[in-house]
Amino acid sequence: MAAGKSGITPRSEDYSSWYNDVIKQAGLSDHSPVRGCMVIKPYGYAIWERVQSVLDGMIKATGHQNAYFPLFIPMSFLTREAEHVEGFAKECAVVTHHRLKAGGEGEAAVVVDPAAELEEPLIVRPTSETIMYSVFADWIESWRDLPLLINQWANVVRWEMRTRPFLRTAEFLWQEGHTAHETLEEAEAEVRKMLDVYATLAEDYMAMPVIKGRKTEAERFAGALHTYCIEALMQDGKALQAGTSHNLGQNFAKAFNVSFTGREGKVEYAWQTSWGVSTRLIGALIMTHSDDNGLVLPPKLAPIEVVVIPIYKSDEDRDLVLGASAELARACEGKIRLHIDDRDQFRPGHKFFEWEKKGVPIRLELGPRDLKENKVVLARRDTGEKSPVSRDGLLEHLVGLLGEIQANLFQRALEFREQSTRRASNYDEFKQILKEHRGLVQAHFSLDPEWEERIKNETKATVRCLPIDAELPAGAQCIFSGAEAKSDALFAIAY
RNA sequence: CGGGGCGUAGCUCAGCCUGGUUAGAGUGCCUGCUUUGGGAGCAGGAAGUCGGAGGUUCGAAUCCUCUCGCCCCGACCA
């Protein structure tokens, strides 16, 4: 590994190693004894808790309530919606027994007790549509029970062949919203509303620009009418699906008998939606902002926004500096998440590197020299700039600067995405762009599934989405087939 | 499932080809002293089923067989 003393491989050398190194050096996660599953360490989990706190507020502000449904789903439930089972069957963990017993001779210490086989196997939820809607069917009787707006924070399991920390793990944490409505229009409005919530989370909090769009038939959620998503572009030119919002139509309602008596006294099936974002967002965060020195966090999601490094030689200086640090901490309470690194066993330089790798947006160095001049030395993580700042009005300065850093990160990411977005006017050009730059490629597309498949096989690029706000010129032709273009499509090689 | 790589101290690895003292280094950890504005220095100390099982041998981290696991690249992936 060419990672050097920082322990971080430069991005230019190997992006994949860089990603793993950043996670390791920032202390976000660890490998676990279980294949494909990660341990989320306290610092990584603190970032997730920031995401949760922000998003949970937005979910509740849009009228949803949190609830919790079982981890286990009777296997037969999965099969009730034909497309759904097809989409998930290949990655389900299955529980078949409920008891172990002492092993016999030549066996392990404990073995599965064959007498304890379940009558019906349970699957560990890969997503909760089926278990939830079987219960929704009981909850919903009248049009007056609608809309039903439920969210749950949970873990799910998808037995993926190949995993990467945060981006794709066999078990991951997420929220899944599940709603039922009286009409298709209401369901559609819900789906779009939550897509907007996700876009706000991504852009205003993660400082990650996203494109809102619709998935093609091939890419949509198994069992949905159609799927909306937010797509983000990572630094290496690959796209990442950062959140999805599905209009399920009446597909699940029919399978689980989620019906109600309507205003005219007729029994109708509910129109449903589901939407989710996961711990994958942390992967997105890493690959949007971080650099060769480690993690870079947007202030709004940083567990620690400002870290204070006290510097001292004598005990007397130590008391003064720590006193001044504590005073600053009191002033910041409730306004800025500030941490004083008063560990005695490390020297300042060591701490600088450590917090840099952890992506803390602002570092303050506070020593006797500064106290004498009524200053602190302030270092920005996003630009690396380091300069003295007066201690008068410091709180206001910090608040302002955190806002500036937040805005700068978004702007930087937006510029990168714009530079990395190109329009192809024919297939050769399309292939050339992907080969030379990767990034996002816009193209007028007929939406022909055969072409979609062929493009994927030949270039590895998939339709990331059909952007909601894209305009299609009248009479536009598909750049691949020459047929009439049905939509402007955004292609990319994706994670 | 295919291709490649790797399992030796908490971590990173050397030692293996060519079997032979008491299995090593760096880092981390513990203790003490000195230090503290970009990864501190010195001294002392603790730390290991050499992934597992079997075999060859007087003797195995090293050779052979089997096995388990991990990582990377593919295939796969709401």
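To find a chain, count down the sequence lines: A is the first, B the second, and so on, and within it residues start at 1. Basis for what follows: all heavy atoms, side chains included, without hydrogens, waters or symmetry-related copies. It should be emphasised that the depicted structure is a prediction, and the values quoted were computed from it without experimental measurement.
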Begin with the C-alpha distance, continue with both residues' side-chain angles, and end with the deciding distance and a verdict on side-chain contact (heavy atoms from CB on, under 4.5 Å) for A/Arg280 and A/Arg164. CA-CA 10 Å; A/Arg280 170 182 267 198; A/Arg164 305 193 61 189; over 6 Å; no
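Sorted by first and then second residue, the pairs that involve residues 354-391 of chain A and meet ring pair (Phe, Tyr, Trp, His ring centres under 6.0 Å), not counting sequence neighbours, are A/His339-A/Trp355.
In terms of the side-chain hydrogen bond (donor to acceptor under 3.5 Å, both in side chains) criterion, residue partners of A/Glu231 (sequence neighbours excluded) are, by chain and number, A/Lys215, A/Arg464. The ring-ring contact (aromatic ring centres under 6.0 Å, His included) test applied to A/Phe252 returns A/His84, A/Tyr133, not counting sequence neighbours. Listed by chain and residue number, A/Glu453 satisfy the side chain to side chain contact (heavy atoms under 4.5 Å, CB included) test with A/Asn457 (two or more places apart in sequence, or in another chain). Residues passing the side chain to side chain contact (heavy atoms under 4.5 Å, CB included) test with A/Trp159 are A/Glu91, A/Ala93, A/Val157, sequence neighbours excluded. Applying the side-chain hydrogen bond (donor to acceptor under 3.5 Å, both in side chains) criterion to A/Glu327, with sequence neighbours excluded, gives no partner residue. With sequence neighbours left out, the side-chain hydrogen bond (donor to acceptor under 3.5 Å, both in side chains) criterion links A/Arg454 to A/Glu458. A/Asp382 is linked by a side chain to side chain contact (heavy atoms under 4.5 Å, CB included) to A/Arg380, A/Ile405, A/Asn408, A/Leu409, A/Arg412, counting only residues two or more places apart in sequence or in another chain. Annotation: side-chain hydrogen bond (donor to acceptor under 3.5 Å, both in side chains) contacts of A/Asp292 (sequence neighbours excluded): A/Arg11.
Of the C1' atoms belonging to B/G10 and B/C30, the separation is 13 Å, rounded to the nearest Å. Taking the C1' atom of each, B/U18 and B/C63 are spaced 11 Å apart, rounded to whole Å. Taking the C1' atoms as reference points, B/C33 lies 46 Å from B/G19, given to the whole Å. Going from the P atom of B/G51 to that of B/C6 covers 14 Å, rounded to whole Å. The P atoms of B/G20 and B/A60 are separated by 11 Å, rounded to the nearest whole Å. Distance check on atom C1': B/U21 versus B/G28 gives 29 Å, rounded to whole Å. The separation of B/G45 from B/A25, taken at their P atoms, amounts to 12 Å, rounded to a whole angstrom. Atom name P, nucleotides B/G5 and B/C77: the rounded distance is 28 Å, in whole Å.
Among the heavy atoms of the strands, none lies under 4.0 Å from A/Trp355. Within the nucleic acid shown, A/Glu356 comes within 4.0 Å of at least one base atom, counting heavy atoms only. Counting non-hydrogen atoms under 4.0 angstrom, A/Arg318 reaches nothing in the nucleic acid. Across all strands shown, A/Thr227 has no heavy atoms under 4.0 Å from either base or sugar-phosphate atoms.
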5' to 3', nucleotides 29-37 of chain B under a 4.0 Å protein heavy-atom cut-off (B base, S sugar-phosphate only, - none) gives ------BBB
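Using a cutoff of 4.0 Å between basic side-chain nitrogens and carboxylate oxygens, A/Lys212 and A/Asp196 are scored as salt-bridged. Between A/Arg343 and A/Glu354 there is a salt bridge, with a side-chain nitrogen of the basic residue lying less than 4.0 Å from a carboxylate oxygen of the acidic one. Between A/Arg220 and A/Glu83 there is a salt bridge, with a side-chain nitrogen of the basic residue lying less than 4.0 Å from a carboxylate oxygen of the acidic one.
Between A/Lys238 atom NZ and B/C77 atom C1' the separation is 13 Å, expressed in whole Å. Residue A/Ile8 contributes atom CD1, which lies 13 Å from atom C1' of B/G39 at whole-angstrom precision. Spacing between atom CG of A/Asn293 and atom C1' of B/G38 amounts to 12 Å, rounded to whole angstrom units. When the P atom of B/C77 is taken as reference, atom NZ of A/Lys90 falls 5 Å away, rounded to whole Å. As rounded to whole Å, 5 Å separates atom C1' of B/G38 from atom CZ of A/Phe353. As a whole-Å value, the separation of A/Arg164 CZ from B/A75 P is 14 Å. The separation between A/Glu160 atom CD and B/A75 atom C1' is 13 Å, rounded to whole Å. If you measure from atom CD1 of A/Ile309 to atom P of B/G39, you get 13 Å, rounded to the nearest angstrom.
When each of A/Ala494 and A/His31 is assigned the nucleotide of RNA chain B with its nearest heavy atom, A/His31 is the one assigned upstream, toward the 5' end. Annotation: of the two residues near RNA chain B, A/Gly36 and A/Glu219, the 5′-most nearest-nucleotide partner is A/Gly36.
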List every contact pair, protein side and nucleotides 3-12 of chain B side both N or O, where the distance is under 3.5 Å.
none

Represent RNA chain B in dot-bracket notation, 5' to 3'. Only Watson-Crick or G-U wobble pairs with both distances under 3.5 Å count; pseudoknot-style crossings use [ ] and interstrand partners use |. (((((((..((((......[...)))).((((((.....)))))).....(((((..]....))))))))))))....
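Distances were taken from every side-chain heavy atom of A/His350 (C-beta onward) to each of B/G39, B/C71, B/G38; the shortest belongs to B/G39.
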